[in-house]
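Side chains are part of it too, since the values below use all heavy atoms of this structure and drop only hydrogens, waters and symmetry mates.
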Amino acid sequence: MIRTEKIEKKFGKLPVLKGIDTSFKGGQVVSVIGPNGSGKTTFIKCILGMVVPDKGKIFFDKKDIRNDFSYRQYIGYMPQIGHYPENMKIGQLFAMMKDLRQQSSSFDEELIDIYSLKSMYAKAMRTLSGGTTQRVSAALAFLFNPKVLILDEPTAGLDPLAAEIIKEKILKAKQDGKLVIITSHIMSEVEEMADSIMYLFEGNIYFNKTLVEIKNETGEEKLNKAIAKIMKQQTHV
């Protein structure tokens, strides 16, 4: 569904991505993790078309995305921190997004209902708490029933119940054959949701393996211990 070939990106003289080769298929949850500054956000923004790579290619359903942004209609994106027009009301925001997409049917409003957002449609975005803003971002990401979901720290700022709701939604999306790419610093959540993990380190793919492979190779049951063991082994090679 998504494939990258030797993606490179520099900001000034600083190399951020150093030749990223990978592919993601539908029906799975992929977690892109790594320390701060490893290139996670830049990699995601390259897929979204928000950052243009200096070198390499990105394919969506086998089509090169360069100079063709129509593929983005098939992606739902949830940023870690949503920035919306402060004076716009919640209801106006959803109406505007529907108008921009011009999609006549097949809306997924489940999160709007579960998070009781309709009862808050008259509230201005500037008045919302961080958690409520996250709920809005989550509902927008799923709204157009996309083939691909890219969720950046999807549970950040959410209370435990709201976090469980979106985790269940992510797993349901996988069952429906969608590709879900998430970033998270919470390894217990990654362990709950992810089928495979791509670990970025200093702009390179340090490893890209399934959760089962990682645990089998390290002999560790806990993901955080397994990753620590891999990093320690690599450091001493």
Are [X] and [Y] ion-paired here, with the side-chain N under 4.0 Å from a carboxylate O?
| X | Y | value |
| --- | --- | --- |
| Glu5 | Lys55 | no |
| Asp176 | Lys169 | no |
| Lys222 | Glu191 | no |
| Lys174 | Asp195 | yes |
| Lys118 | Glu109 | yes |
| Asp61 | Lys147 | yes |

Would you mind reporting whether [Y] and [X] have side-chain heavy atoms less than 4.5 Å apart?
| X | Y | value |
| --- | --- | --- |
| Tyr84 | Leu128 | no |
| Phe43 | Thr22 | yes |
| Ile197 | Leu223 | yes |
| Ile20 | Leu17 | yes |
| Gln80 | Thr41 | no |
| Lys18 | Glu8 | no |
| Cys46 | Val51 | yes |
| Leu179 | Val29 | no |

Counting only N and O atoms by type, is there a donor-acceptor contact under 3.5 Å from the side chain of [X] to the main-chain atoms of [Y]?
| X | Y | value |
| --- | --- | --- |
| Arg101 | Gln73 | yes |
| Gln92 | Lys89 | yes |
| Lys40 | Asp152 | no |
| Asp21 | Lys6 | yes |
| Asp159 | Leu161 | yes |
| Asp113 | Tyr115 | no |
| Thr210 | Glu213 | yes |
| Arg3 | Ile58 | no |
| Ser116 | Ser119 | no |

First locate atom [atom1] of [X], then atom [atom2] of [Y], and finally report the distance between them rounded to the nearest 0.5 Å.
| X | Y | atom1 | atom2 | result |
| --- | --- | --- | --- | --- |
| Asp54 | Lys10 | CG | NZ | 8.0 Å |
| Ser184 | Met193 | OG | CE | 6.0 Å |
| Arg72 | Ser70 | CZ | OG | 9.5 Å |
| Leu111 | Leu143 | CG | CG | 9.5 Å |
| Ile81 | Glu153 | CD1 | CD | 10.0 Å |
| Glu220 | Lys225 | CD | NZ | 6.5 Å |

Open item on the list: Please determine whether side chain to side chain donor-acceptor pair (under 3.5 Å) holds for the pair Tyr77 and Ser137, giving the CA-CA distance in whole Å, both sets of side-chain angles, and the decisive distance to 0.1 Å.
Closed with: CA-CA 8 Å; Tyr77 173 53; Ser137 293; over 6 Å; no
TODO: Please step through side chain to side chain contact (heavy atoms under 4.5 Å, CB included) for the pair Tyr121 and Phe94, ending with a clear verdict.
DONE: CA-CA 9 Å; Tyr121 268 14; Phe94 282 105; 4.0 Å; yes
Task: Chi angles and distances behind the side chain to side chain contact (heavy atoms under 4.5 Å, CB included) call for Glu110, Phe142 - done: CA-CA 9 Å; Glu110 185 179 21; Phe142 284 88; over 6 Å; no
Minimum-distance pair of heavy atoms, taken over all atoms of [X] and [Y]:
| X | Y | value |
| --- | --- | --- |
| Ala173 | Leu149 | CB-CD1, 3.8 Å |
| Phe60 | Ile2 | CD1-CG1, 3.7 Å |
| Leu158 | Gly131 | CD2-O, 3.6 Å |
| Gly56 | Ile7 | C-CD1, 3.8 Å |
| Val148 | Met1 | CG2-SD, 3.3 Å |
| Pro154 | Leu151 | CD-O, 3.7 Å |

Are [X] and [Y] grouped together when hydrophobic residues (ILVMFWY) are joined by side-chain heavy atoms under 4.5 angstrom apart?
| X | Y | result |
| --- | --- | --- |
| Tyr199 | Leu211 | yes |
| Ile205 | Ile227 | no |
| Ile170 | Val30 | no |
| Leu100 | Met88 | yes |
| Ile181 | Ile214 | no |

Task: Intermediate values then yes/no, side chain to side chain contact (heavy atoms under 4.5 Å, CB included), Met125 and Leu93 - done: CA-CA 9 Å; Met125 297 302 296; Leu93 177 62; 4.1 Å; yes
- [ ] Name all residues meeting the ring-ring contact (aromatic ring centres under 6.0 Å, His included) criterion together with Tyr74; count only those two or more places apart in sequence or in a different chain, and write none if there are none.
- [x]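 ring-ring contact (aromatic ring centres under 6.0 Å, His included) check on Tyr74 returns nothing, list empty.
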- [ ] Look at atom NZ of Lys123 and say whether more than 12 heavy atoms of other residues, nucleotides or ligands are closer to it than 6.0 Å.
- [x]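 Counting other residues, nucleotides and ligands, NZ of Lys123 stays at 12 neighbours or fewer.
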Open item on the list: Before you tell me yes or no, could you show the steps for Gln28 and Ser196 under side chain to side chain contact (heavy atoms under 4.5 Å, CB included), namely the whole-Å CA-CA distance, both residues' side-chain angles and the distance that decides it to 0.1 Å?
Closed with: CA-CA 8 Å; Gln28 64 172 332; Ser196 62; 3.7 Å; yes
TODO: Tell me, with the steps shown, if Glu192 and Lys167 meet salt bridge (charged side-chain N to carboxylate O under 4.0 Å, His left out).
DONE: CA-CA 8 Å; Glu192 282 184 73; Lys167 284 190 283 187; 3.0 Å; yes
Open item on the list: Could you check whether Lys9 makes a cation-pi contact with Phe11, meaning its NZ or CZ is under 6.0 Å from the centre of the six-membered ring and within 45° of the ring axis?
Closed with: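 Yes, Lys9 and Phe11 form such a contact.
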TODO: Would you verify whether the NZ or CZ of Lys63 falls within 45 degrees of the ring axis of Tyr71 while also being under 6.0 Å from that six-membered ring's centre?
DONE: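 Because its charged atom misses either the 6.0 Å distance or the 45° angle limit, Lys63 does not stack over Tyr71.
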Task: Full working for salt bridge (charged side-chain N to carboxylate O under 4.0 Å, His left out) between Lys229 and Glu217 - done: CA-CA 10 Å; Lys229 194 169 186 177; Glu217 290 176 12; over 6 Å; no
Task: The single option from Leu200, Ile33, Val16 passing side chain to side chain contact (heavy atoms under 4.5 Å, CB included) against Ser38 - done: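 By the side chain to side chain contact (heavy atoms under 4.5 Å, CB included) criterion, Ser38 pairs with just one of Leu200, Ile33, Val16: Leu200.
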